[in-house]
Amino acid sequence: MILTASHVSKTFGRGRTAGAKAVNDVTLAVAPGDFTAVVGESGSGKSTVARMLLGLIAPDEGEVAFDGVPLGSMSRAQKMAFRSSVQCVLQDPSAALNPRKSVRDILAEVIRLHGAATGRAAVEEKVREALAIVDLQPTEMYANRLPHQLSGGQRQRVLIARAVILNPSIIIADEAVSALDVSVKAGILNLLNRLRRERNIGYLFITHDLPVVKKVAGDVYVMRSGSVVEHAPKAQLFAAPGSEYTRELLAAAPQPDPVLARAWIRG
Ligand SMILES: Nc1ncnc2c1ncn2[C@@H]1O[C@H](COP(=O)(O)OP(=O)(O)OP(=O)(O)O)[C@@H](O)[C@H]1O
Ligand SMILES: [Mg+2]
């Protein structure tokens, strides 16, 4: 169930309007159970890699494959399976959630679209199950809410519920906790880590937040100007950064947050 990008490159625009390569020859992999981080300055190509991994944009060169099958050569059935197995959780939940729909309707829509359950009662049961998994209890109360009637952390939990409902093996999280207060952030990170342990979900966790990486990550990819400049296990990266750029990045990072440190439950 491994998700891979092999030597992918992407340039936006064409001819005279073409920019520099947003992503340049990137190779990376994420498997179930991983907590793989991607770090790097703004504009380094992190989100572009994420969009290619999700099949939202196609690379100009190289290929993305899931379970060894390139996205470009998947059958309809394989593509459907891919769309359930690889989910995303993005930064801004208010933009990702329809403001006019209740949490129940938002979740039910995904359930029906993917045929995860059929019939009113079964769909309702699945909605409750998803809300319980992300600790939005009592589930009945949260199911009735509209997105604006939730806190930022609760909205992020709804997004996670919407991803988890499809029983994914990989979740791509692009700055999923960056906008949250530190204690709320710790709660969401603990939830993600619990889902990793209990459901063997693997994360590609994109963030500029190095204290978070230091807490949660396994492997870390460091990106700069579209390229991966370093790929190493977290401990090695922090103890002995292999590139000058990583050293600068670590030196510029804030110190570990004591609130995060206390709230984090080791997995
Ligand atoms: N749709 C697009 N059209 C044109 N250029 C784009 C598009 N999307 C991204 N880019 C450019 O590609 C480069 C990489 O952008 P990307 O969003 O991948 O960076 P990022 O690492 O996610 O940055 P951030 O940390 O700010 O989210 C940037 O120079 C950006 O301006
Ligand atoms: Mg981005």
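Nothing fancy with the numbering, it's 1 onward along the sequence. Every number for a ligand or one of its atoms is a count from 1 in the order of the listing. Note that the structure is predicted; figures quoted are calculated from it, not measured.
- Side chain to side chain, Asp209 and Ser178 fail the donor-acceptor criterion of an N or O pair below 3.5 Å.
- Every residue two or more places apart in sequence or in another chain that forms a side chain to side chain donor-acceptor pair (under 3.5 Å) with Arg247 is listed here: Glu244.
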Between ligand 1 and the protein, give all atom pairs where both partners are nitrogen or oxygen and the distance is under 3.5 Å, as lines of names plus distance to 0.1 Å.
residue, atom, partner, partner atom, Å
ligand 1, 18 (O), Ser47, N, 3.4
ligand 1, 18 (O), Thr48, N, 2.9
ligand 1, 18 (O), Thr48, OG1, 2.6
ligand 1, 19 (O), Gly45, N, 3.3
ligand 1, 21 (O), Ser44, N, 3.2
ligand 1, 21 (O), Ser44, OG, 3.4
ligand 1, 21 (O), Gly45, N, 3.0
ligand 1, 21 (O), Lys46, N, 2.9
ligand 1, 21 (O), Lys46, NZ, 2.9
ligand 1, 22 (O), Ser47, N, 2.9
ligand 1, 22 (O), Ser47, OG, 2.8
ligand 1, 23 (O), Gly43, N, 2.8
ligand 1, 25 (O), Lys46, NZ, 2.7
ligand 1, 26 (O), Ser42, OG, 2.5

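- Take the Mg ion (ligand 2) and draw a sphere of radius 2.8 Å; the protein N/O/S atoms inside it number 1.
- Between the side chain of Thr246 and the backbone N or O of Gly242 there is no donor-acceptor pair closer than 3.5 Å.
- Here Arg162 does not pair with Glu109 in a salt bridge; the nearest charged N to carboxylate O distance is not below 4.0 Å.
- Residues Met52 and Val26 have side chains not in contact (no heavy-atom distance under 4.5 Å, counting atoms from C-beta outward).
- Checked by atom type and distance alone, the side chain of Arg196 never pairs as donor or acceptor with a backbone atom of Ile201 at under 3.5 Å.
- The salt bridge (Lys or Arg N to Asp or Glu O under 4.0 Å) search around Lys46 returns none, not counting sequence neighbours.
- Side-chain N/O atoms of His208 and Glu175 include a donor and acceptor closer than 3.5 Å.
- Linking Ile, Leu, Val, Met, Phe, Trp and Tyr residues whenever their side-chain heavy atoms come within less than 4.5 Å leaves Val213 and Val182 in two separate clusters.
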